[in-house]
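All remarks here apply to the structure that follows.
Numbers restart at 1 for each chain; the letters A, B, ... are given by sequence-line order, proteins then strands.
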Amino acid sequence: MLSIKFIRENIDIVKKAIKDKNEKTDINNLLELDKKKRELQFEFDTLRAEQNSVSKKIPELKKEKKDVSEILIKMQNISKKIKEVSRELSDTAQKLENELLKIPNVPNKDVPIGDESANAFVREWGEKKHFTFQPKDYLDLSEINDLLEIKRVVKISASGFVGYRNKGALLERALINFMLDFHIQKHGYTEVALPILVNRKTMTGTGQLPKLEEDMYLIEQDDLFLIPTAEVSVTNLHADEIISEKSIPKKYVSYSSCFRREAGSYGKDTKGLQRVHQFNKVEMVRFVKPNDSYEALEEMLVDAEDILKSLGLHYRVVTLASGDLSFASAKTYDIEVWAPGSNKYLEVSSISNFEDFQARRAYIRFRDEGGKVKFVHTLNGSGLATPRTFIAIIETCQNEDGSITFPEVLKPYLERLKV
RNA sequence: GGAGACGUGUCCGAGUGGCUUAAGGAGCACGCUUGGAAAGCGUGUAUGCGGGUAACUGCAUCUAGGGUUCAAAUCCCUACGUCUCCGCCA
């Protein structure tokens, strides 16, 4: 979230950010609550100060055998008043907090204003592969090579879920291991494996709640949510902590299943692997000092690109425009990989700088050189999501007879079973 | 799931209603001492919201929320967490 101080002093910037991000939050109510809260806080502090000082004198007066009954009656009233003010104060503070959680992050100044069509091209690597034959799409290739479980999975679960089988399952598992090893060995990340069920506080910390509750799977019995990305559990790992200056920056990589209800996106890419309720993803998360976060964003983008390069997949990078930017993000790059059989670019990675937006919510701070406590900046990026990477690989690596020649870098992960 | 014990600052740990502005210790930082270090001695050592140019200063926070009281780390209730024993499962 944004600090109330920042909002108070930059009303226009905040209003513009809300508009540019296509949000509808009204901040006037918030500003009123802020004013009311500060007035109540002042009243509460004043009353408490009196209560504290008088209460301190009571035992002394008693010792001197003085009559305190009159004071006690007076204090009863103050006590009652304090309780009233305190109730109103915490009520107002709670309302203010709820409003604050609904204010989106402010886009960085480099972010183009507009909807998806304003996304800005950054660079590309490789080129669209040229085939001497008509390339098949991944659904056909999966059929030929026995790679996916589609119909049966709907039977055992629900529509929107898919499964892998045979070499498809092996390829997916190989991808996960390859990507994890790559980030650990070549990019210096530390692996963490964390729960995929998390509580409400955690979901709020990274900004999924309260806005996106509809998009989340909820285990009502225990009030636990299935994570939509490992970003949630990894970023919140250091919630409520003051990280020592020495142990920052922190670079984590984590693989997890991700769960998305995709409420409201029915009818879009419903077939196959492109948009699914459950998928696996390797995620990178960084905690850095404020001044380093944009440099870290560029590094993470390269970290994700390195995976695609080593797999030999053509891709392009875009900067998301304000309207396409997520609620919590200040700046996001998307990487889109080329899928020649499907004849389109598929989004395989989002790399975002949240600045201190998540750190404020999750209360993640560090102590700087001068001993001052400040909020960290958090970043994350997919490195990468498996389903669409899977599509790009088998479509790019297909032969005319429908067989697939897997990328060299995956061989160590595949060859022990002679795939 | 049943029974019990417990939750205090960076850590250990005292604290059963007002003498706690949380004792004492460890750690850490700085200073003195030293040729240098150790020991010793001294000083400092939370966070948030306010007020003040500043020195300072008001309020809150002893897991969280509620209650009792003029006054709560301390008493009561609830939740969460930790530990021990039992049950169940692997």
Partner nucleotide of B:rG9 by Watson-Crick or wobble geometry (both distances under 3.5 Å): none

Opposite nucleotide pairing with B:rU61, Watson-Crick or G-U, both atom distances under 3.5 Å: B:rA46

B:rA37 versus B:rA55 - spacing of their P atoms, nearest Å: 33 Å

Complement of B:rA23, any strand, by Watson-Crick or G-U distances under 3.5 angstrom: none

G-U wobble or Watson-Crick pairing nucleotide for B:rU84 (cut-off 3.5 Å, both distances): B:rA3

Exercise: identify the closest heavy-atom pair between A:Arg360 and A:Ser3: NH1-CB, 3.2 Å

Residue met sooner reading RNA chain B from 5', once A:Lys56 and A:Tyr363 are mapped to nucleotides: A:Lys56

Any donor-acceptor N or O pair under 3.5 Å, side chains A:Tyr138, A:Gln398: no

Pairing of A:Asp303 and A:Lys251 as salt bridge, 4.0 angstrom limit: no

Candidate list A:Glu143, A:Glu172, A:Glu149, test salt bridge (charged side-chain N to carboxylate O under 4.0 Å, His left out), partner A:Arg165, passing option: A:Glu149

Sugar-phosphate, base or nothing in reach of A:Glu60, heavy atoms under 4.0 Å: nothing

Sugar-phosphate, base or nothing in reach of A:Val373, heavy atoms under 4.0 Å: sugar-phosphate

Whole-angstrom distance between B:rG25 and B:rG13, as gauged at atom C1': 8 Å

Any strand: nucleotide that pairs with B:rG17 via Watson-Crick or wobble, under 3.5 Å: none

B:rC59 to B:rA73 separation - P atoms, rounded to the nearest Å: 14 Å

Derivation of the salt bridge (Lys or Arg N to Asp or Glu O under 4.0 Å) call for A:Lys186 and A:Asp306: CA-CA 10 Å; A:Lys186 304 218 163 132; A:Asp306 281 349; over 6 Å; no

Identity of whatever pairs with B:rG35 - Watson-Crick or G-U, under 3.5 angstrom: none

P spacing across the pair B:rU69 / B:rU74, given as an integer number of angstrom: 16 Å

Sugar-phosphate only, base, or nothing, as touched by A:Lys62 at under 4.0 Å among non-hydrogen atoms: base

Distance, P atom - from B:rA46 to B:rG52, rounded to whole angstrom: 24 Å

Nearest-angstrom distance, C1' atom, B:rG67 to B:rG17: 16 Å

Counterpart base for B:rC75, defined by Watson-Crick or G-U wobble contacts under 3.5 Å: B:rG67

Test: A:Arg38 cationic atom under 6.0 Å from A:Phe42 six-membered ring centre, within 45° of axis: no

Whether A:Tyr217 and A:Phe161 hold their rings parallel, tilted or perpendicular, with breakpoints at 30° and 60°: tilted

Non-hydrogen side-chain atoms of A:Val348 and A:Leu308 separated by less than 4.5 Å: yes

Opening and closing nucleotides of RNA chain B in contact with chain A, under 4.0 Å to non-hydrogen atoms: B:rG18 to B:rA71

Between B:rU47 and B:rU63 - C1' atom distance, rounded Å: 16 Å

For B:rC89, the Watson-Crick or wobble partner whose two distances fall under 3.5 Å: none

Sugar-phosphate, base or nothing in reach of A:Arg38, heavy atoms under 4.0 Å: nothing

Whichever of A:Asp45 and A:Ser90 has its nearest RNA chain B nucleotide further upstream toward 5': A:Asp45

Whole-angstrom distance between B:rG24 and B:rC41, as gauged at atom P: 15 Å

